[in-house]
Novice: 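Quick one: this structure, given as structure tokens, is what I'll be asking you about.
Sequence lines set the chain letters: A, B, ... in the order given, protein chains first and strands last, and positions in each chain run from 1. Keep in mind that this is a model prediction, so the values were computed, not measured.
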Amino acid sequence: MNSEDTVKKDFIRDIIDEDLRTNKYDGRVHTRFPPEPNGYLHIGHAKSICLNFGIAEEYGGLCNLRFDDTNPTKEEEEYTRSIIEDVCWLGFDWEDRLFYASDYFDQMYKYAIQLVKDGKAYVDDLSAEKINEYRGTLTQTGRNSPYRDRSVEESLNLLEQMKAGEFADGEKVLRAKIDMAHPNLNMRDPVIYRTLHATHHRTGDKWCIYPMYDWAHGLEDSVEGITHSICTLEFENHRPLYDWFLDALGVYHPQQIEFARLNLTYTIMSKRMLLELVEGRYVNGWDDPRLPTISGMRRRGYSSAAIRNFCKRIGVAKVNSMVDLEFLEHCVREDLNKTAPRFMGVLRPLRVVIENYPEDKVEEMEAINNPEDPGAGTRKVPFSRVIYIEQEDFMEEPPKKFYRLAPGREVRLRYAYFVTCKEAVKDDGRIVELRCTIDPATRGGYAPDGRKVKSTIHWVSVEHAIDAEVRLYDRLFTVNDPAGQKNADFKEFLNPNSLEVLKSCKVEPALGNLKPFDRFQFERLGYFCVDPDITKENLVINKTVGLRDTWAKIRKQQQMNKLDS
RNA sequence: AGCCCUGUAGUGUAGUGGUUAACAUAAGAGACUCUGGAUCUCUAGACACCAGUUCGAAUCUGGUCGGGGCUGCCA
């Protein structure tokens, strides 16, 4: 229950504990979250954000937000904006420490000159293809570039000309002079600067050379005095380089620690693939509620508390793993159960006439707003002679274990009366209306004679109902690992039924007071929230996640058994 | 193939030489209930394998097997 407050130890926190014990960084803990502004943040980033900001919080340290904007061809202002919004919404605060890698471009250039002067870097004239060729392969050592041994003066000169824009894109690069025979490919004279005449969203046309990740990242960490530079596993093989640059420069040296990125079933976590879905209009923008983006989940109705709790509970380790989407949904339900006010809404309406209830009578039934939170109080729900109930709450020929309404059967209308079905009115074989009676003695939902009823169903008064459009979402993909399917495009596994729009839903009048992003529960159905597409005339509601549905499970089992026999 | 990382219930994590190997979730059974929700109880379920060290190994050593990553002027 207090899963939210317990600080769970993991291998990263163990390292920090040890560093604190040995006073490695004078007792400081300083992390950073370094997104590249080339897409929207997703739940995988949330894991990293919670890790970095969480650790800083726990240890009384600091966490910076830093945009790793070293590649102007892919980065945009719009992404920066969204990232700031998302980190904020998740509930983290970088105070005055919002940085950009581009803030350090001058410093990085000076460091590069230092490296050249020390004979540890050189300008290479080889083409990209040639550099590739010279690099060797996994099993074969590389060969030195013919330009590797040119003089420091010449490299210095060339570097200056590169910076001045005197070379075309791709014509020259600055490379570190390490070891072309190194078993780690990353150490075979990696590129430090590439020539690139592109307009940067912050520095404009000031630069026509841009630093490579390996060169830039450690320097950014170093300049900011980061103690623990936490990144994902794919940078493991880059750590020797991270260390080499910092050592070669003789500057402050944070330590890089790698952890396994998050994978979630039935979705994708790759920015490239997300971009493809957005640009190809397979979804409706970065904040489509079916996407695992922070903005998508926010629009879907997920709370930041639920996401934070999820990130805490999945832990952090070095093995690649796949977390069940159900676990995320569990965390969402757990939070919403405690916080979401309840309402009644009918998604697929079935008209019910209560024959023994007066035509013009309206009663205000008292309903509890949230049984999990007594402080949430109560509200009045209007009841009248004609109401809607859910189509699936009635069956003419109920199978075993179906407890809801059926001909001759009595159930409870939540917070109202016991109701008995007298007749199902059909039109062309389709049930269009139910004729029922209530027991006036059961007003409020209790029988004075103590008799029990097998189930309680929700309802909405026809006269008072508000029309609503409800958008139902299912998993975006039909397979649990769409990105990992061999020889297939992930888009082939898109679930064609991931979005279902219900136009004629009927909801209780209190819903009219809600604002976009307000979260609530439709009793017996699930958690929902108001979509920002809402207008004065059109109430638009998103389904966040359904309630646990025992009946659906029974039904499925019954159908399986039927197939077996 | 070379280098690096990594193997604990279905899933995600804990366990750091002595524990009935823990927790969460999922699964199954039951209790309770004006949400077939929530809550509660119970059940089943794991140390990849083989040697070695040791009185004693999930934990240390060696090997085998499995999984992941690396050959962008992306990050």
Novice: A:Asn370 has an atom CG; how far is it from atom P of B:G37, in whole Å?
Specialist: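 To the nearest whole Å, that distance equals 16 Å.
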Novice: Could you state the CG-C1' distance from A:Asp10 to B:A22, rounded to the nearest angstrom?
Specialist: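 Rounded to whole Å, this separation is 17 Å.
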Novice: Do the side chain of A:Arg524 and the base of B:G36 come within less than 3.5 angstrom through a donor-acceptor pair of N or O atoms?
Specialist: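 Side chain to base: no pair below 3.5 Å.
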Novice: Who are the side-chain contact (heavy atoms from CB on, under 4.5 Å) partners of A:Thr265, not counting sequence neighbours?
Specialist: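 A:Met322, A:Asp324, A:Leu325, A:Asn480.
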Novice: Using a 4.0 Å heavy-atom cut-off across all strands, classify A:Ser321 as base, sugar-phosphate, or nothing.
Specialist: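 Counting heavy atoms under 4.0 Å across all strands, the contact made by A:Ser321 is with sugar-phosphate only.
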Novice: Tell me if the CZ atom of A:Arg409 is crowded by more than 12 foreign heavy atoms within 6.0 Å.
Specialist: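 More than 12 heavy atoms, drawn from other residues, nucleotides or ligands, come within 6.0 Å of this atom.
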Novice: In whole angstrom, give the distance that lies between atom CD1 of A:Ile389 and atom P of B:G36.
Specialist: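 So the CD1-P distance, A:Ile389 to B:G36, works out to 13 Å.
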Novice: Do the side chain of A:Arg404 and the main chain of A:Val411 share a donor and acceptor less than 3.5 angstrom apart?
Specialist: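 No, A:Arg404 side chain to A:Val411 backbone: no donor-acceptor pair under 3.5 Å.
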Novice: Which residue, A:Tyr415 or A:Val316, contacts RNA chain B at a nucleotide closer to its 5' end, judged by nearest heavy atom?
Specialist: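 The answer here is A:Val316.
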Novice: By the 4.0 Å heavy-atom rule, please label A:Arg342 as base, sugar-phosphate, or nothing.
Specialist: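 Contact class for A:Arg342: base.
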Novice: Going by side-chain contact (heavy atoms from CB on, under 4.5 Å), name the residues that satisfy it together with A:Asp125, two or more places apart in sequence or in a different chain.
Specialist: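 A:Asp125 satisfies side-chain contact (heavy atoms from CB on, under 4.5 Å) with A:Val123, A:Tyr147, A:Arg150, A:Lys172 once adjacent residues are dropped.
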Novice: Please report the distance separating the P of B:G2 from the corresponding atom of B:G12, rounded so that it comes out in whole Å.
Specialist: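 It works out to 29 Å between them.
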Novice: Please measure how far the P atom in B:A58 lies from the corresponding atom in B:U19, and state the result in whole Å.
Specialist: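 9 Å, rounded to whole Å.
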Novice: Hey, which sits more toward the 5' end of RNA chain B by its nearest nucleotide, A:Ala317 or A:Phe327?
Specialist: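 With A:Phe327 and A:Ala317 compared, the 5'-side residue is A:Ala317.
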Novice: Measure centre to centre between the rings of A:His217 and A:Tyr213, then say whether the value is under 6.0 Å.
Specialist: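 Between A:Tyr213 and A:His217, which both carry aromatic rings, the centre distance is below 6.0 Å.
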Novice: So A:Tyr210, base contact, sugar-phosphate only, or nothing? Heavy-atom distance under 4.0 Å.
Specialist: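 The answer is nothing, as A:Tyr210 stays clear of every strand by at least 4.0 Å.
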Novice: Can you tell me, in whole Å, how much space there is between the C1' of B:C55 and that of B:U13?
Specialist: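 It comes out at 33 Å once rounded to the nearest Å.
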Novice: Among A:Thr420, A:Asp393, A:Ile389, which residue meets the side chain to side chain contact (heavy atoms under 4.5 Å, CB included) test with A:Leu405?
Specialist: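 Of the listed options, the one satisfying the test is A:Ile389.
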Novice: Please determine which of A:Phe394, A:Phe383, A:Tyr417 meets the ring pair (Phe, Tyr, Trp, His ring centres under 6.0 Å) test together with A:Trp459.
Specialist: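 Considering A:Phe394, A:Phe383, A:Tyr417, a ring pair (Phe, Tyr, Trp, His ring centres under 6.0 Å) with A:Trp459 is found only for A:Phe383.
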Novice: Using the six-membered ring wherever Trp is involved, compare the ring planes of A:Tyr210 and A:His200 and label them parallel, tilted or perpendicular (cut-offs 30° and 60°).
Specialist: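 Plane angle under 30°, so parallel.
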Novice: Nucleotide by nucleotide, 5' to 3', does protein get under 4.0 Å of the base (B), only the sugar-phosphate (S), or neither (-) in nucleotides 26-33 of chain B, counting heavy atoms?
Specialist: -SS-----
Novice: So, using salt bridge (Lys or Arg N to Asp or Glu O under 4.0 Å) as the criterion, who are the partners of A:Asp481 when residues are at least two apart?
Specialist: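 With sequence neighbours excluded, A:Asp481 shows a salt bridge (Lys or Arg N to Asp or Glu O under 4.0 Å) to no residue whatsoever.
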Novice: Looking across every strand, which nucleic acid part, if any, lies under 4.0 Å from A:Leu413 by heavy atom: base, sugar-phosphate, or nothing?
Specialist: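 Nothing: the residue A:Leu413, judged by heavy atoms under 4.0 Å, touches no strand.
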Novice: In this structure, which stretches of RNA chain B are paired as stems of three or more consecutive Watson-Crick or G-U pairs, both distances less than 3.5 Å?
Specialist: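 The stems that RNA chain B takes part in, listed by first number, are B:2-7 with B:65-70, B:10-13 with B:22-25, B:27-31 with B:39-43, B:48-52 with B:60-64.
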Novice: Mind checking if A:Thr550 touches a base, just sugar-phosphate, or nothing, with heavy atoms under 4.0 Å?
Specialist: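 The answer is sugar-phosphate, as A:Thr550 gets under 4.0 Å only of primed atoms, P, OP1 or OP2.
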Novice: Taking atom types as modelled, is there a side-chain donor on A:Glu76 or A:His201 under 3.5 Å from an acceptor on the other?
Specialist: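 No donor-acceptor contact under 3.5 Å links the two side chains.
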Novice: Rounding to the closest angstrom, what is the interatomic distance between B:G15 and B:C60 at atom C1'?
Specialist: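 Those two atoms are separated by 16 Å.
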Novice: Treating A:Glu366 as the side-chain partner and A:Tyr415 as the backbone partner, does any N or O pair qualify as donor plus acceptor under 3.5 Å?
Specialist: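 No.
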Novice: Using atom CD of A:Glu334 as one end and atom C1' of B:U39 as the other, report the distance to the nearest whole Å.
Specialist: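 A:Glu334 atom CD is separated from B:U39 atom C1' by 12 Å.
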Novice: Rounded to the nearest Å, what distance is computed from the CG atom of residue A:Asp549 to the P atom of nucleotide B:A38?
Specialist: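 In whole Å, B:A38 P and A:Asp549 CG are 10 Å from each other.
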Novice: How would nucleotides 68-75 of chain B be written as a contact map, 5' to 3', with B for base contact, S for sugar-phosphate-only contact and - for no contact, using protein heavy atoms under 4.0 Å?
Specialist: SBBBSBSB
Novice: Sticking with atom P, work out how far B:C47 lies from B:G10, rounded to a whole angstrom.
Specialist: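 Nearest-Å result for B:C47 against B:G10 at atom P: 9 Å.
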Novice: Grab the CG-P distance between A:Asp481 and B:U11 for me, whole Å please.
Specialist: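 One finds 14 Å between P of B:U11 and CG of A:Asp481, rounded.
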Novice: Quick one: sort the A:Phe99 and A:Tyr104 rings into parallel, tilted or perpendicular, breaks at 30° and 60°.
Specialist: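 A:Phe99 and A:Tyr104: tilted rings.
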Novice: When the C1' atoms of B:U39 and B:U6 are compared, how many Å lie between them, rounded to an integer?
Specialist: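 Between the two C1' atoms, the distance is 40 Å.
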Novice: Does A:Arg135 offer a backbone N or O that forms a donor-acceptor pair with the side chain of A:Arg188 under 3.5 Å?
Specialist: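 Yes; judged by distance alone, with no hydrogens or angles, the pair exists.
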Novice: Atom CG of A:Leu547 and atom P of B:U39: how far apart are they, to the nearest Å?
Specialist: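 In whole Å, B:U39 P lies 11 Å from A:Leu547 CG.
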Novice: Ring-plane angle category for A:His330 and A:Phe327, please: parallel below 30°, perpendicular beyond 60°, tilted otherwise.
Specialist: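 Rings of A:His330 and A:Phe327: parallel, as their planes differ by under 30°.
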Novice: I'd like the C1' distance from B:U61 over to B:C40, given in whole Å.
Specialist: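 Pairwise C1' distance, B:C40 against B:U61, rounds to 48 Å.
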Novice: Between B:A1 and B:U71, how many Å separate the two C1' atoms, rounded to a whole number?
Specialist: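 Per the computed distance, 13 Å lies between those C1' atoms.
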Novice: B:U16 C1' sits how many Å from A:Ile15 CD1, rounded?
Specialist: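 A:Ile15 atom CD1 is separated from B:U16 atom C1' by 14 Å.
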Novice: Please work out if A:Phe343 contacts a base, only the sugar-phosphate, or nothing of the nucleic acid, heavy-atom cut-off 4.0 Å.
Specialist: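 Answer is nothing: A:Phe343 stays at 4.0 Å or more from every strand.
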Novice: Mind telling me if B:G72 is syn or anti? Syn here is a glycosidic angle within 90° of 0.
Specialist: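 Syn conformation for B:G72.
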Novice: So A:Glu258, base contact, sugar-phosphate only, or nothing? Heavy-atom distance under 4.0 Å.
Specialist: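 A:Glu258: no heavy atom of the nucleic acid under 4.0 Å.
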